[in-house]
Every structure is written in C-alpha cells, then in structure tokens.
Enquirer: 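My questions will all concern the structure given below.
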Amino acid sequence: MSTLVRPDAAPDAAPVAVAAVAPMSPNRRAWARFRRNRLGTWSLVLFLVMLVVATFAELLSNDRPLVARVDGQWHVPVFANPPEAALGGDFATPTDWKDPLVRDILAQPGNLAVFTLNRHGADSTDYFSRALPPSPPNASNWLGTDAQGRDMTARLLYGFRVSIWFAIALTVIGVVLGVAAGAVQGYFAGRVDLVTQRLIEIWGSMPELYLLIIFASIFEPSLLLLLVLLSLWGWMGLSDYVRAEFLRNRSLEFVKAARALGLSDAQIIWRHVLPNSMTPVITFLPFRMSAAILALTSLDFLGLGVPSTVPSLGQLLNQGKNNLDAWWIIVPTFALLVVTMLLLTFIGDALRDAFDTRKG
C-alpha cells in the first residue's frame with residue numbers, strides 16, 4: 001500500500017492511499033488476452049464439451065443397458081454383457097437386448113433395465129426393424145440409419161471420438177518430433193543445422209500419398225498404422241518454426257549467461273531456450289488438429305483409412321456420396337466436420353492473439 005498526494009491539493013489535504021498492483025506473469029497476461037476473445041473462449045468451452053461427450057459415448061449411446069436386474073441378479077451390460085442364458089434365455093451368446101425374447105424377460109415383474117439416452121451402439125443393427133436401410137429419421141433413430149442399417153446418431157458420436165482422439169495423438173507425436181528436430185537445428189546451428197535441413201528436405205520430398213497406398217495394400221488397415229505413417233511426415237512443418245525461434249533465442253543474453261554459469265547444453269535448452277520458444281507450438285496446435293482430422297477423414301473417404309468396423313466420418317461421407325437421396329447421412333456428417341473445424345480455427349486465432357505481445 002502506497003500513498004499519493006495530488007499536486008493541486010491543499011497543503012493540509014489527506015494523502016490518498018493507492019494499492020500496489022503486482023505485475024502479471026507472461027502466461028497470465030496471455031491467458032487474460034485469450035479470455036478477452038469471447039469467440040475463442042466459448043469455442044474452447046464448446047469443444048471441450050464435445051470432447052467429453054464423445055469420450056464417454058458408451059454412457060450416452062449404447063444398445064446395451066447401463067444396469068439391469070433380472071431374477072434378483074444385477075448386471076452391468078455396458079461394461080460386461082452377460083450371455084442370454086444368464087437371463088433365462090436359450091443361448092450362451094452375448095445378449096441381444098433388442099431381441100423380443102429379452103424384452104419379454106425384462107417386462108416380467110421384478111426385472112428392470114436402465115438404458116442410455118440413445119438406445120443404439122455404433123455397430124448395432126436392429127434386425128427387427130421394418131424400415132429398409134438407409135431409413136430416414138424417426139422416433140427410434142433420431143438421425144436415421146446408414147446404408148447398413150446402423151444408427152446415424154451413434155455413428156456420428158463414435159466417429160467423432162475416433163477422429164478427435166486420433167488428431168490429438170497425431171498432434172502430440174508431431175509436436176514432440178518437431179520440437180526435438182527444430183531444437184537441435186536451431187540451438188547447435190552451423191553444420192548440424194545445414195546437414196539436418198538437407199535431410200529433412202529429402203524426406204519431405206517423398207510421395208506421402210503413394211506410400212500410404214502401398215502400405216494400405218500390404219498391411220491390414222488400422223488406426224495404429226495410420227498414426228505411424230502420418231507421424232513420419234506430420235512434424236516437419238512445426239520444426240521450421242521451432243528452429244527459427246531457437247536460432248533467435250540462442251544468441252540472447254540469458255543464454256550466454258547460462259553458458260557462463262557452466263550449464264550443459266541440455267539444461268540450457270530445457271530450462272531457458274525451450275520455454276521461450278513455445279509460442280508457435282501452442283498457437284499452431286488447433287490448426288494441426290484440424291489438419292489431422294481432415295487427413296483421417298480424407299483417407300477414410302478414399303478407402304485407405306481405418307477398417308469398415310471402426311466408426312469413421314470419412315466412411316459416412318462416402319456413404320452419403322453413394323446414397324445422394326439419403327440426405328440424413330451426409331448433411332449431419334458435413335455439419336459436424338464444419339462445426340469442429342470452425343471451433344478449432346476460432347481457438348487457434350484466439351491463441352495467436354493471446355501470445356501476440358504487441359497487444360495489451
């Protein structure tokens with residue numbers, strides 16, 4: 001607490017108390033600038049809500065009940081589906097909760113089942129439905145069914161989860177590899193930078209799409225294979241920005257002081273140069289996630305992505321192309337992709353403005 005006296009005040013005027021304000025750290029200033037961007041803030045909140053909902057999709061959309069009580073015994077089918085014989089049925093196979101026999105068992109006095117909000121799973125098909133797939137939206141299937149008779153709401157929910165977590169994993173791997181390559185180039189510079197840059201240029205000139213087609217024809221398609229293949233090239237764009245930041249920061253005074261104190265190169269990179277070079281990494285994260293989602297969707301659309309048993313937005317777009325009269329397939333899928341891309345773009349713009357030191 002400090003006191004100030006106005007110059008034009010009377011000699012006997014009481015001093016005015018002014019509270020001392022502690023300076024904000026750079027990270028807190030960046031967070032304050034981010035929160036001032038209302039569009040970016042609400043986009044982040046909505047995106048996190050969508051991520052949480054998709055992550056726990058089994059608790060919201062499932063053809064198996066959350067809990068069931070049959071003949072005095074409790075079951076949790078959402079995690080462990082009991083055989084039909086355990087419920088009084090005839091078969092030892094996992095229970096089909098849409099079977100009329102199972103429904104009759106649940107309708108008996110004392111038996112009950114608590115189902116999810118949407119009573120369809122990603123791969124479940126209602127064989128007792130009279131509507132031919134793809135069927136339009138109705139009371140049972142809120143967004144209709146796809147060409148295989150699977151519920152569109154469940155396919156979108158599970159497909160979004162696959163896409164978003166694949167994008168997060170690909171972004172994390174790309175950031176780690178890109179930061180490591182850019183840090184080595186920018187910090188050591190000289191011959192290390194020259195040789196590494198030539199190797200990166202040679203590696204970047206390889207036809208990525210052709211290699212994906214070759215590997216897709218040799219190996220069985222899977223998310224892990226796609227993650228490995230796309231990670232081989234997904235780090236190069238970020239490494240250029242990190243390299244430029246390291247080249248700029250390596251010659252600053254605090255780095256020279258750290259060398260004079262005897263710190264090793266690894267300590268200087270980790271403690272001093274890297275924290276001051278993370279601005280492009282953070283600001284490009286949403287855009288890298290957008291690129292990863294579009295890459296997976298495009299490969300699935302071309303038939304080079306995940307297997308048909310895995311829910312995918314690209315597969316839904318391909319079905320919509322093959323069934324142009326079934327608007328309920330392509331319109332919700334396209335809308336979900338557009339909304340996701342817009343949210344990530346708004347978040348990226350807000351992060352870019354937040355780390356722009358020219359703004360107050």
Side-chain angles (χ1 to χ4, degrees), residues 20-37 40-41 43-45 47-48 51 165 167-197 199-200 231-292 343-360:
V21 180
M24 297 177 63
S25 63
N27 291 333
R28 292 186 61 185
R29 286 199 298 269
W31 174 242
R33 286 193 292 266
F34 180 86
R35 293 187 61 183
R36 282 204 298 268
N37 190 322
T41 302
S43 298
L44 177 60
V45 172
F47 177 78
L48 292 178
L51 178 61
W165 280 110
I168 292 175
L170 185 60
T171 301
V172 170
I173 295 175
V175 166
V176 172
L177 296 178
V179 169
V184 171
Q185 287 183 262
Y187 182 80
F188 294 101
R191 294 182 178 178
V192 175
D193 182 27
L194 183 63
V195 173
T196 306
Q197 190 66 21
L199 293 176
I200 292 177
S231 298
L232 295 178
W233 290 275
W235 55 272
M236 290 185 294
L238 183 62
S239 65
D240 295 335
Y241 293 98
V242 177
R243 168 178 171 265
E245 290 292 323
F246 268 75
L247 286 173
R248 179 178 63 87
N249 293 329
R250 68 188 296 269
S251 59
L252 297 180
E253 296 298 330
F254 67 91
V255 177
K256 297 179 181 178
R259 290 198 187 99
L261 292 175
L263 271 68
S264 63
D265 292 334
Q267 290 175 325
I268 295 175
I269 292 174
W270 182 256
R271 296 181 183 178
H272 301 284
V273 186
L274 182 60
N276 292 280
S277 305
M278 292 298 290
T279 298
V281 177
I282 297 175
T283 54
F284 274 94
L285 283 180
F287 302 107
R288 293 185 62 82
M289 290 183 60
S290 300
L343 293 179
L344 291 174
T345 301
F346 293 150
I347 295 172
D349 291 340
L351 285 175
R352 182 190 59 193
D353 296 340
F355 284 91
D356 190 354
T357 56
R358 295 171 299 180
K359 298 187 177 182

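Note that the structure is a prediction, hence the values are computed from the model and not measured.
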Enquirer: Only counting residues at least two apart or in another chain, list the ones meeting ring-ring contact (aromatic ring centres under 6.0 Å, His included) with F34.
Expert: W31
Enquirer: Any side-chain heavy atom of V179 sitting closer than 4.5 Å to one from F246?
Expert: no
Enquirer: Report the residues that fulfil side chain to side chain contact (heavy atoms under 4.5 Å, CB included) with A180, sequence neighbours left out, ordered by chain and then residue number.
Expert: none
Enquirer: Minimum heavy-atom separation for A30 and A354, please, with both atom names.
Expert: O-CB, 3.2 Å
Enquirer: First locate atom CG of L44, then atom CG of L344, and finally report the distance between them rounded to the nearest 0.5 Å.
Expert: 10.0 Å
Enquirer: Give a yes or no on whether the backbone of R33 and the side-chain of N37 come within a donor-acceptor separation of less than 3.5 Å.
Expert: no
Enquirer: For the residue pair A181 and W235, what are the closest heavy atoms and their distance?
Expert: CB-CZ3, 3.7 Å
Enquirer: How long is the span from the CG atom in N249 to the CG atom in L274, to the nearest 0.5 Å?
Expert: 10.0 Å
Enquirer: Return the set of residues passing side chain to side chain contact (heavy atoms under 4.5 Å, CB included) with L343 (not counting sequence neighbours), or none when no residue passes.
Expert: S43, L46, F47, M50, V339
Enquirer: Roughly how far apart are I347 CD1 and L285 CG, rounded to 0.5 Å?
Expert: 11.0 Å
Enquirer: For residues 252-264, dump all side-chain donor-acceptor pairs below 3.5 Å to protein atoms at least two apart in sequence or in another chain.
Expert:
{"residue": "S264", "atom": "OG", "partner": "Q267", "partner atom": "N", "Å": "3.4"}
{"residue": "S264", "atom": "OG", "partner": "Q267", "partner atom": "OE1", "Å": "3.4"}

Enquirer: Show every salt bridge (charged side-chain N to carboxylate O under 4.0 Å, His left out) that has at least one partner inside residues 187-196, sequence neighbours left out.
Expert: D193-R243
Enquirer: Tell me, please, which residues at least two apart from R352 pass salt bridge (Lys or Arg N to Asp or Glu O under 4.0 Å).
Expert: D349
Enquirer: With sequence neighbours excluded, tell me which residues meet side chain to side chain contact (heavy atoms under 4.5 Å, CB included) with V195.
Expert: L199
Enquirer: Mind checking salt bridge (Lys or Arg N to Asp or Glu O under 4.0 Å) for R35 and listing every partner two or more places apart, or none if nothing turns up?
Expert: none
Enquirer: At what distance, to the nearest 0.5 angstrom, does CG of N276 lie from CZ of R250?
Expert: 15.0 Å
Enquirer: Rounded to the nearest 0.5 Å, what separation is found between the OG1 atom of T283 and the CG atom of L351?
Expert: 7.5 Å
Enquirer: Suppose we screen for ring-ring contact (aromatic ring centres under 6.0 Å, His included). Which residues come up paired with W165, at least two apart in sequence or across chains?
Expert: none
Enquirer: Among residues at least two apart in sequence or on other chains, which ones pass side chain to side chain donor-acceptor pair (under 3.5 Å) with T171?
Expert: none
Enquirer: List for me each residue that meets side chain to side chain donor-acceptor pair (under 3.5 Å) alongside D265, sequence neighbours excluded, and say none if there are none.
Expert: Y187
Enquirer: Taking side chain as C-beta onward, heavy atoms only, is L170 less than 4.5 Å from S231?
Expert: yes
Enquirer: Just jot down the ring-ring contact (aromatic ring centres under 6.0 Å, His included) partners of Y241, sequence neighbours excluded, or say none.
Expert: F284
Enquirer: Would you check, one step at a time, whether the test side-chain contact (heavy atoms from CB on, under 4.5 Å) holds for V281 with R288?
Expert: CA-CA 10 Å; V281 177; R288 293 185 62 82; over 6 Å; no
Enquirer: Quick check for you: to the nearest 0.5 Å, what is the distance between Q185 atom CD and L247 atom CG?
Expert: 8.5 Å
